[in-house]
**Student:** 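Sharing a structure here in structure tokens format.
A, B, ... follow the sequence lines: proteins, then strands. Residue 1 opens every chain. As a basis for the values below, the full set of heavy atoms in this structure was taken, side chains included, without hydrogen atoms, waters or symmetry mates.
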Amino acid sequence: MANSNPDIEKLTGEEYKYGFVTDIEAEQLPPGLDETVVRTISAKKEEPEWLLDFRLKALARFLEMLEAKQEPTWAMVDYSPIDYQNVIYYSAPKPKPELESLDEVDPELLRTYEKLGISLQEQKRLTGVKVAVDAVFDSVSVATTFKEELEKQGIIFCSFSDAVQNHPALVKRYLGSVVPYSDNFFATLNSAVFSDGSFAYIPRGVHCPMELSTYFRINSAGTGQFERTLLVADEGASVSYLEGCTAPMRDENQLHAAVVELVALDDASIKYSTVQNWYPGDKNGVGGIYNFVTKRGACRGRRSKISWTQVETGSAITWKYPSCILQGDESVGEFYSVAMTNNAQQADTGTKMIHIGKNTRSTIISKGISAGRGQQSYRGLVRIGPKAREARNYSQCDSLLIGDECGAHTFPYLEVKNATATVEHEATTSKIGDEQLFFCRQRGLSEEDAVSMIVNGFCKEVLRELPMEFAVEAQNLLAVSLEGSVG
Amino acid sequence: MLEIKQLHANAGDTPIIRGIDLSIKAGEIHAIMGPNGSGKSTLSNVLAGKPGYEVTSGEILFKGRDLSEMEPEVRAREGIFLAFQYPVEIPGVNNSYFLKASLNAIREHRGEPTLDAMDFLALAKEKMSHVEMPSDLMNRSINEGFSGGEKKRNEVLQMLLLEPALCILDETDSGLDIDALRVVAGGVNLLRSPERSMLIITHYQRLLDYIVPDYVHVLADGRIVRSGGKELALELDQKGYGWIEEQARTEGHE
Amino acid sequence: MSRSSSTGDDERPLGTRHYLERFARAAQHRAGPGWLETLRGEAIASFAEIGFPTRRLEEWRYTSTAPIERVAFELPESDRSAPTPEELAEIAPCASQAWRAVFVDGRLCAERSVLPADSGGLRIDSLADALAGGEGEALVAAHLARQAPFKNDAFTALNTAFMEDGALVEIPPGWQEERPLYLLFVSTGNETISHPRTLVIARPGSRATLIQDHVSLDSGTRFSNAVCEVLAEENAALDLVLIQRENAQSYHVSNLQAVQERDSRVALHTITLGGALVRNELGLMLAAPGAEADLRGLFLGGSRRHIDNHTLVDHAVPHCTSRQLYKGILGGHARGVFRGRVIVRPDAQKSDALQSNPNLLLANQAEINTKPQLEIRADDVKCSHGSTIGQLDREALFYLRSRGVEERAARMLLTRGFAAEIAAGLPLESLSGWARQLVDSAVETLTADMEGSET
């Protein structure tokens, strides 16, 4: 199944269509990480003392970890060592926009987001669905739409920096409460240098009337992106949130180490969807984003629910385990994932479902697709604590292989300390069947269309969890990412 | 319509077809019968262009054009339809979505306008009534959990929708009870027309009671050893294949 | 996380130091050929370098060896008391029809053994005798430490450094006799250790059933550190039965490594019913096309027992098949661990691997950690695994009770039913019947224990 077909090879070269660079003047700190850098980031953002303290504690811990070489090595990914002193930790389009209205956003930036298919104009999308967007460009948020409309219902949706200024009590209460600053190597780094991200708070009893979304864009060379997202759904509130990510094609590897914290109180529900399409590097594995992300949700309240849906097609390396801490009795955690690795991409991804409360339930549906020389691992932990009576988990992890140079690995960890628990795990690995391909082609479909149709069928249980219009986007993305994988 | 000249073909590395000549004109129905292992299914796979099947010599002309360099999907779009002996299951892919994609790929190739979802559903509904197919099968995954009869009906439904120029039925009758056979045959007969040819591959004569062929050929050991009218099928049904195989062996050694 | 070799002797933990001292002290008493002494030297050096495993190692994530390290185990005195013929008949009724070798604290007890003299080439020798010289020694030299390397395995290194005796089994080409081969390992004394070593070579086209049964006749803390190396040559068929039913104070670490050649079939039946801390390491290398591996296991325990099963099936070449069925039953405060790895190497196309690990938790404080693991680097494969953790089916329980069966009996019946599959898979009716009895009585003990502790 080598890429011997010249047309297909041409396609592969063209597959990443978000690889352009925006020519915009940026304000950057010099590469390197020390107390000055952290203090400068904090000062630029005019942060309160407690937040600077949080950063400095994280920095001290990170430098210790760096010294002790505690960068995690257990994942099944392979990359040359990162020089953390050679990364730019802060980069922002200049001048920092002090915006009264969206009309004041730099037109160059608006054009960038238009090109990415993200409208920062407050108009309805074609489908008639309103989506509020927070656009994060390198280290800072450049625009947030529909803020006023949301505010009428008491919903706060803004950049993380704005939240620190305008809602410090909320931020202080929840920041680090799900992912402590010392949690793990990459989360600790993020805690020291995070620059911006999104913040949302849905007040008691409010069902957020539109999709909230954040669009992340890495633009500058040599920078890392370290955003921080915090979503809080108060009692009885509900929200659906979506994030998307792209980056220019560069032949260097860029680091993306984000932290996402979700908190759901009694009867609240949060649906968090990700369509991750960072630049994956070229066919030979040169360049691409290192996506080392910590995402965790705490179902603090009774009957609360957190649902993660991810479609991961980009990044050279993905290291990510969106998790649920099911503290509240009868709380529910869900993880739906499609991960695709093509060419030289590597992904080690999965989830953790930590059952603490009684009658907690979790579902894991993971679909991995490996093509080219892609290597992919599902790594998931299901832990049923001693007090989690009648907890239930169902996990299903399926892998689809395309071509004979790729790999698919499954590492489930099931730890059960309560005899009333029911835990089920199933996994299968298969290849796209020649019979299936031939059947589709006999009915007139091209091989590429047939593969894409079969892959989308394989992923269906996950894709249907995405908000409607993003499901279409995700399907297209899967098709594009697969181009060149058969021939 | 279809012109096969001195065809030799391999399945993998094994020679199976050892010299077939066959000419099918528009509007004709030909039946190919033969014992298991005689090369019947290989012939249908070679015609449809299944990877792994290789023409080693001879040629196949379809509407005057050489098939050998044509990809399977191009053959399909040109009008060759193979009703599979064992239709595959494709989990997660909606049957109706698949049929629409397939139909539109072929319509586009013919220069016809593609159908939107509404028009497609109306058309599909009409065709489904011909094969007595329950409507919920359209919203299930392709062939997943279908009974043997439902799979075969689904094949004939696709044939009705795609309106091919050449229908190849590969043991479409196998595994069907008499009622299902009647329904399937009824669907096929709807497609009989002066512009359309059919190649019916079967082990048993009973399908030919419902779809009456113009010609019957007997395949043994990769060659056509007898050709005749529909009465040949009856003869085979009475006498079995033994005498034909015997005859083929003696001829093969001459 | 291996300890660095620069660590001075004094800084070594007691456990490690103890074995290094014993090795040095025993130097002049050790018999055996020079090559063996060299091998022992390398093994103890490996052990000195890596020490006992820590829980930071992925392979030991759920199992701490601290209880073993804390005791200064000694090799037992030379006058060991063999089981009487009556005891033997009671321990293993099946042994009467079998070729048998009885080992007491790891040494062959010839009076209780029934070994083939020159029975058509079937060989069951004492390893110690074989090492005394001759043809046997050549066979041992060619196979020892080949299948079970000790470089990264502290317990296998210890076994290799200290082993005194064990069995050398060679099944001749074409051997088809039904009579099973039975190796009984009896442990005695207190704070004693044994390092039994078994070599099994199944020649082309042979078929045999080999049972290794670890028992204790009385109480006392013991540590059995067993290593078994198996080579199944072309078209050989082996049923290997491992039964562990030592007393509740015993520690048991075993490592069985098998290499399978073309078209060979190895079935492993591992039944773990005893011991305070048990670790079974099972590795099967499918080294040539057509090889088939079938791993079946049952582990059962109550009170504070800890039972850890690790399997590794390595599909190194195309067209091999592996099946795994491991069942766990845990009551009391027991902890069970199952880690099943399946590796499909690049080019090992048409591999067919299936793994299943259902577990039954009978008590609130019982715990199970399971990690079924697939690592697949070829695309044309059929691999799947499943793992479940649950309780006795409430519907079934209710059904039995509604038919007048009292709850305790109903629980026992259902638990036995869950366990039965593994014993039933043993070859020969007499063997599976015997195993069924062992399992049934273990289930009864477990059920009774739990009743006792709950009231």
Side-chain angles (χ1 to χ4, degrees), chain A residues 1 73-74 76 368 370-434, chain C residues 56 58 61-62 328 330-351 353-394 450:
Chain A
M1 290 240 196
T73 52
W74 41 261
M76 217 169 182
S370 283
R373 285 166 291 125
Q375 289 293 330
Q376 187 166 140
S377 305
Y378 165 80
R379 192 179 301 277
L381 169 67
V382 175
R383 179 180 288 155
I384 312 285
K387 300 210 168 97
R389 284 194 62 81
E390 307 284 339
R392 274 180 292 159
N393 160 266
Y394 174 74
S395 310
Q396 185 190 328
C397 307
D398 298 323
S399 305
L400 191 66
L401 297 157
I402 305 173
D404 54 8
E405 289 180 275
C406 52
H409 318 292
T410 317
F411 303 98
Y413 296 70
L414 313 178
E415 303 178 359
V416 179
K417 295 177 203 273
N418 187 297
T420 61
T422 306
V423 175
E424 278 179 82
H425 170 92
E426 288 174 53
T428 63
T429 302
S430 55
K431 67 179 288 196
I432 286 195
D434 291 337
Chain C
R56 299 184 68 172
E58 186 65 27
R61 184 186 173 99
Y62 297 113
L330 298 156
H333 289 71
R335 283 185 77 175
V337 180
F338 174 73
R339 183 192 192 207
R341 275 178 89 189
V342 174
I343 299 178
V344 178
R345 305 267 171 199
D347 305 328
Q349 303 293 1
K350 307 279 179 199
S351 290
L354 212 139
Q355 186 188 57
S356 162
N357 169 227
N359 298 286
L360 201 52
L361 283 188
L362 297 176
N364 242 327
Q365 308 300 318
E367 182 180 332
I368 176 83
N369 296 300
T370 161
K371 199 186 163 202
Q373 199 171 314
L374 294 173
E375 294 167 47
I376 294 163
R377 293 171 188 280
D379 73 327
D380 192 2
V381 298
K382 232 167 69 190
C383 297
S384 67
H385 69 202
S387 182
T388 58
I389 297 159
Q391 309 81 49
L392 291 174
D393 183 350
R394 282 169 224 194
M450 282 165 45

**Student:** Kindly give the heavy-atom pair with the smallest separation between C:A363 and A:A419, and that separation in Å.
**Tutor:**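 Between these two residues, the closest heavy atoms are O-CB, 2.9 Å.
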**Student:** The criterion is side chain to side chain donor-acceptor pair (under 3.5 Å); which residues satisfy it with A:D398, sequence neighbours excluded?
**Tutor:**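 Applying side chain to side chain donor-acceptor pair (under 3.5 Å) to A:D398 gives A:K367, A:Q396, A:T428.
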**Student:** I would like to know whether C:R61 and A:E415 meet side-chain contact (heavy atoms from CB on, under 4.5 Å); could you show each step before the answer?
**Tutor:** CA-CA 12 Å; C:R61 184 186 173 99; A:E415 303 178 359; 4.0 Å; yes
**Student:** Is it the backbone or the side chain of C:Y62 that comes under 4.5 Å from a heavy atom of chain A, or both, or neither?
**Tutor:**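 The side chain, not the backbone.
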**Student:** Name the option with the most non-hydrogen atom pairs under 4.5 Å to chain C; the candidates are A:G407, A:S399, A:A408.
**Tutor:**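 Winner by heavy-atom pair count: A:A408.
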**Student:** Run the salt bridge (charged side-chain N to carboxylate O under 4.0 Å, His left out) test against C:R335 and tell me which residues pass, sequence neighbours left out.
**Tutor:**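 Only C:E367 meet the salt bridge (charged side-chain N to carboxylate O under 4.0 Å, His left out) criterion with C:R335.
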**Student:** Do you know which of A:L401, A:L381, A:L414 has the most heavy-atom pairs with chain C at a distance under 4.5 angstrom?
**Tutor:**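 The residue among A:L401, A:L381, A:L414 with the greatest pair count is A:L414.
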**Student:** Please report the C-alpha distance between A:N418 and C:N364 in whole Å, then the side-chain angles of each, then the deciding distance to 0.1 Å, and finally whether the side-chain contact (heavy atoms from CB on, under 4.5 Å) criterion is met.
**Tutor:** CA-CA 5 Å; A:N418 187 297; C:N364 242 327; 3.5 Å; yes
**Student:** Considering only heavy atoms, which portion of C:R345 lies under 4.5 Å from any heavy atom of chain A: side chain, backbone, both, or neither?
**Tutor:**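 For C:R345, neither part sits under 4.5 Å from chain A.
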**Student:** With a 4.5 angstrom heavy-atom cut-off, is it the side chain or the backbone of C:Q355 that approaches chain A, or both, or neither?
**Tutor:**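 Neither part.
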**Student:** Under a 4.5 Å heavy-atom cut-off, does chain A meet the side chain of C:P372, its backbone, both or neither?
**Tutor:**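 Its backbone and side chain both get close to chain A.
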**Student:** Looking at A:R392, I want to see if its CZ is surrounded by more than 12 non-hydrogen atoms of other residues, nucleotides or ligands under 6.0 Å.
**Tutor:**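 For A:R392, atom CZ is not crowded (no more than 12 foreign heavy atoms under 6.0 Å).
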**Student:** Using heavy atoms and a sub-4.5 Å threshold, report which of residues 383-390 of chain A line up against chain C, by residue number.
**Tutor:**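 So far as heavy atoms go, A:R389, A:E390 are the residues that approach chain C to under 4.5 Å.
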**Student:** Select one option (side chain, backbone, both, neither) describing which atoms of C:Q365 are under 4.5 Å from chain A's heavy atoms.
**Tutor:**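 Neither part.
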**Student:** If you count heavy-atom pairs within less than 4.5 Å of chain A, which of C:I376, C:T388, C:L330, C:L361 leads?
**Tutor:**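 Maximum pair count with chain A is reached by C:I376.
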**Student:** What distance do A:S377 atom OG and C:L374 atom CG have between them, rounded to the nearest 0.5 Å?
**Tutor:**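 Here the rounded value is 11.0 Å.
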**Student:** Is there a side-chain contact between A:T422 and C:Q391, using heavy atoms and a 4.5 Å cut-off?
**Tutor:**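 When only atoms from C-beta onward are counted, C:Q391 and A:T422 do touch, with a gap below 4.5 Å.
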**Student:** Could you tell me the separation between the CD atom of C:Q373 and the CZ atom of A:R379, rounded to the nearest 0.5 Å?
**Tutor:**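 It comes to 8.0 Å.
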**Student:** Between atom CD of A:E405 and atom CG of C:D347, what is the distance when rounded to the nearest 0.5 Å?
**Tutor:**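 Interatomic distance, A:E405 CD to C:D347 CG, rounded to 0.5 Å: 10.0 Å.
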**Student:** How would you list all residue pairs meeting ring-ring contact (aromatic ring centres under 6.0 Å, His included) that involve residues 394-425 of chain A, not counting sequence neighbours?
**Tutor:**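 Of all non-adjacent pairs touching residues 394-425 of chain A, those that pass ring-ring contact (aromatic ring centres under 6.0 Å, His included) are A:H425-C:H385.
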